[in-house]
There are 2 protein chains.
Amino acid sequence: MESTDLTFRSQEILRAVVNLFVETGEPVGSRTLSKRAPIACSPATIRNILSDLAEAGLLTKPHVSAGRMPTDLGYRIYVNGLMGRHEPTAEERLTIEAGYSREIRQVEQILAHASRVLSELTNQAGLVLLPGGGQLEFQHIEFIRMAGRQVLVVIVAKSGLVQTRIAAIEEDLLQEELDRISRYLNDEFKDLSLREVRQKIVERMREDRDTFDQLYRRALELSRRAFVEGAEEGGETLVVEGASRVLSQPDFSGDVEKLRSLYRAFEEKNKLVQLLDRCLASAEVAVFIGAENQIEGMDDCSLVARCLYVGGKPLGTIGVIGPKRMHYDRIIPLVDWTADSLAQFISHGEAR
Amino acid sequence: MESTDLTFRSQEILRAVVNLFVETGEPVGSRTLSKRAPIACSPATIRNILSDLAEAGLLTKPHVSAGRMPTDLGYRIYVNGLMGRHEPTAEERLTIEAGYSREIRQVEQILAHASRVLSELTNQAGLVLLPGGGQLEFQHIEFIRMAGRQVLVVIVAKSGLVQTRIAAIEEDLLQEELDRISRYLNDEFKDLSLREVRQKIVERMREDRDTFDQLYRRALELSRRAFVEGAEEGGETLVVEGASRVLSQPDFSGDVEKLRSLYRAFEEKNKLVQLLDRCLASAEVAVFIGAENQIEGMDDCSLVARCLYVGGKPLGTIGVIGPKRMHYDRIIPLVDWTADSLAQFISHGEAR
DNA sequence: GTTAGCACTCCCCGAGTGGGAGTGCTAACC
DNA sequence: GGTTAGCACTCCCACTCGGGGAGTGCTAAC
């Protein structure tokens, strides 16, 4: 279904319905439409068109004698081609940028702050996804010897993300040995992604099972502990900011079950992570409307998200989630602009 | 007000009221009481006693012709002396312990998992507070040189907590120099708490403002960047698990505002952190009932928490938060037992 | 193709009502 | 004197009923 299938007037009316419905939250009728929208025909004509749009699956009504409201498809057509883009106001831009001027911080904090601001400006929940697992590019590894045959592993990714974990080792190694190992690995894993690092380790372990080189063997074993173990569980970080704002949205009042599913999704994360991962493919804003997000119980919510590319590499995803009835025309440009501005800020090296 | 001010029968009845109310959520009347509780007197007598308890401020009723429900004070008396302790069942213990048998992880993950299990078993939200800031004991610091005059600082606390931050430096230092500095600092800060470390740095900087020792000056400057800057913002980590479970509690249905405040408290954290910090003083379960928690809008919620002491040092706090109407007799022993068992597990060195 | 008119549908809201649960008081009882 | 039965009274709640209103869909005229 494309919006081009519709006559100009149908488009006008669909746009007006969505706009009005998003604003008021009430099903809109032909009468309201003829009064509050710039449409040059009578309620009766509008009714005919509304009826057509409903037949095409773009509008529904909650009951026979009620006004119309958009379906998921209706929103989709609206978002794809009918809505105007309301670019963020100067004030909004300032609010977003205000977060940058703080002292230098780590990527995750910059993004988290951005999502907090997004949540504030949109009155929805803000999301940040930091890719973990394989997506990251290796930059540096360091081992720190601790008591009790434990080694603190610090892995730094090119994006500036830092992962730490504690690994147990069988034989007690001196810090010097650890340093030699990390020097070796830093050299070895240069410019690889963590996924490639992992593959490389597994390969090497298979190939050189019987090597007698102590250092090499220890390095392999230690890097296995550091990279492979526990890595399959993702490592992506999903941060949700301002979830409480969604609570007060009138759309959910009286429907605790809807809310519950939303919050459960926030907690379980994996579903949302999957969804957000899909945004990694492109640097465009992705919009999932209602049931499009494929998360059960969340068919009343929409997600607007965009991946942040810095230096050609995806750094993370920021976005906003809230009731389907949201101001797409304002929120989409806002997320868009925020991502752009963040990417620019980060790539200018003020922070990393 | 002590429970000893009450006659034996009053105590019996108060206990019965709380038990029944916690179970059903409905105000309990004299009739129900005489039927469903082991009390050897008629509804009329019970009514008299209920009236006394109400006068003493332990019970209220939502309206004139309704049954009684406990006030905060009523719950307090109940918790302090009247309730029986229902120790966790074998099954519950197994569920809790099941989390330990996984591969070794960092403290925060062990605690987070415990709180997830607590949330599951109690159907409330689980909380973990990891002390940050000054409370931690210094164990190790390490600097890792990164591109663009930035240094990754890794601070390891005795408890096993790892903090990383990125500091910018004016002059580019070689990794060797950084290593020398960290060796020096590791020696210098041995056995201090982070708060003491911070104080020490500030003092030294004042005293030795004009030193000419390069290494020393750089070490001071770098450690200021590492410890002092940005440290005032707490650094405590609060993790809330299973917040969505509270949503479906019937106590809040229809009262979105209450829910909103609760969730806002989860997000803002500082209020909750303050509250949980109070638990650090002792190794006993702390219970904050209703308005006792002093958080506005959360006077319908109770918090049960206990600090985890390992080796005489507080390692963190775990707890449970939910509607005031909760099974204190089951939840308090559960939190208690979980904390004990966790502390034991951690101190046995299986993880740190 | 557009519009006015009109019958019809269905929600929503407020008023009215009866039942039920529970209290508090009084008076009798042990 | 504490305990109990009886009873009037209060108040909530769930249900029903009916009118008003918003909106539709159809038809017929423009």
Side-chain angles (χ1 to χ4, degrees), chain A residues 6-14 16-21 23-71 74 250-251 253-255, chain B residues 6-14 16-21 23-71 74 250-251 253-255:
Chain A
L6 301 172
T7 67
F8 177 70
R9 206 168 51 184
S10 299
Q11 293 183 18
E12 285 271 284
I13 288 187
L14 179 55
V17 171
V18 177
N19 280 336
L20 277 172
F21 182 71
E23 203 179 315
T24 64
E26 317 246 287
V28 321
S30 54
R31 200 178 166 65
T32 334
L33 223 38
S34 83
K35 270 190 294 187
R36 298 216 29 204
I39 299 170
C41 54
S42 76
T45 315
I46 295 177
R47 275 204 288 279
N48 290 330
I49 298 172
L50 286 179
S51 187
D52 294 346
L53 289 170
E55 208 171 344
L58 308 186
L59 298 177
T60 18
K61 42 187 172 174
H63 57 87
V64 188
S65 71
R68 299 307 211 292
M69 49 203 272
T71 60
D251 302 66
S253 69
D255 205 343
Chain B
L6 302 172
T7 67
F8 177 71
R9 206 167 52 186
S10 301
Q11 293 183 18
E12 286 271 283
I13 288 188
L14 179 55
V17 171
V18 177
N19 281 336
L20 278 172
F21 181 71
E23 202 179 317
T24 64
E26 318 246 286
V28 320
S30 55
R31 201 177 165 65
T32 332
L33 222 38
S34 83
K35 271 191 293 187
R36 298 217 28 202
I39 298 169
C41 54
S42 75
T45 314
I46 294 178
R47 276 203 288 280
N48 289 330
I49 298 172
L50 286 179
S51 185
D52 295 346
L53 288 170
E55 208 171 344
L58 308 186
L59 298 177
T60 20
K61 41 185 175 178
H63 58 87
V64 191
S65 70
R68 298 308 210 293
M69 50 203 274
T71 61
D251 302 66
S253 69
D255 204 342

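Lettering follows sequence order; numbering is per chain, from 1. Note: hydrogens, waters and symmetry copies are ignored here, and every other heavy atom, side chains too, is used.
Nucleotide C:dA21 holds its C1' atom 16 Å from the CZ atom of B:Phe21, rounded to whole Å. The separation between A:Ile13 atom CD1 and C:dG1 atom P is 15 Å, rounded to whole Å. Put simply, CZ on B:Arg36 is 12 Å from P on C:dG22, counting in whole angstrom units. Between A:Phe8 atom CZ and C:dG1 atom P the separation is 19 Å, expressed in whole Å. Atoms NZ (B:Lys61) and C1' (C:dG22) sit 8 Å apart, rounded to a whole Å. One atom, CE of B:Met69, and another, P of C:dT23, lie 14 Å apart when rounded to the nearest Å. Going from atom CG of A:Leu20 over to atom P of D:dG23 covers 11 Å, rounded to whole Å. One atom, CZ of A:Arg31, and another, P of D:dG25, lie 16 Å apart when rounded to the nearest Å.
When each of A:Gly29 and B:Pro43 is assigned the nucleotide of DNA chain D with its nearest heavy atom, B:Pro43 is the one assigned upstream, toward the 5' end.
Checked against side-chain hydrogen bond (donor to acceptor under 3.5 Å, both in side chains), B:Ser253 has no partners two or more places apart in sequence or in another chain. Scored by the salt bridge (charged side-chain N to carboxylate O under 4.0 Å, His left out) test, B:Arg31 finds no partners at all (sequence neighbours excluded). Residues passing the side-chain hydrogen bond (donor to acceptor under 3.5 Å, both in side chains) test with A:Ser10 are A:Thr7, sequence neighbours excluded. Every salt bridge (charged side-chain N to carboxylate O under 4.0 Å, His left out) that A:Glu23 has, sequence neighbours left out, goes to A:Arg36. Residues forming a side chain to side chain contact (heavy atoms under 4.5 Å, CB included) with B:Ser65 (at least two apart in sequence, or on another chain): B:His63.
Side-chain contact between A:Pro27 and A:Met69 is present, with at least one heavy-atom pair separated by less than 4.5 Å. Two residues are said to be in side-chain contact when any heavy atoms from C-beta on lie closer than 4.5 Å; B:Arg9 and B:Cys41 meet this criterion. Contact annotation: the side chain of B:Thr71 never approaches that of B:Leu59 to less than 4.5 Å [non-hydrogen atoms, C-beta and beyond].
Sorted by residue number, the members of residues 44-54 of chain B with any non-hydrogen atom under 4.0 Å from DNA chain D read B:Ala44, B:Thr45, B:Arg47, B:Asn48.
Note: A:Phe21 CZ to A:Leu33 CG = 13.5 Å, rounded to the nearest 0.5 Å.
Contact annotation: A:Lys35 does not reach the phosphate of D:dG23 (side-chain N/O to OP1 or OP2, under 4.0 Å). Taking side-chain N and O atoms only, B:Arg68 has a distance below 4.0 Å to OP1 or OP2 of C:dT23.
Closest approach of A:Leu6 and A:Gln11 over heavy atoms only: O-NE2, 3.4 Å.
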Run the side-chain donor-acceptor check on residues 45-58 of chain A: report pairs under 3.5 Å with partners two or more places apart or on a different chain.
unit_1	atom_1	unit_2	atom_2	d
A:Thr45	OG1	A:Ser42	OG	3.3
A:Arg47	NH1	A:Ser30	OG	3.2

Watson-Crick or G-U pairs under 3.5 Å in DNA chain D, rendered as dot-bracket with [ ] for crossing pairs and | for another strand: ||||||||||||||||||||||||||||||

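In this structure a side-chain-to-backbone donor-acceptor pair under 3.5 Å is present from B:Thr24 to B:Leu20.
Closest approach to the B:Cys41 side chain among D:dT4, D:dG23, D:dT3 is made by D:dT4 (side chain taken as heavy atoms from C-beta onward).
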Treating primed atoms plus P, OP1 and OP2 as sugar-phosphate and everything else as base, which nucleotides of nucleotides 11-19 of chain D get B, S or - for protein heavy atoms under 4.0 Å? BS-------

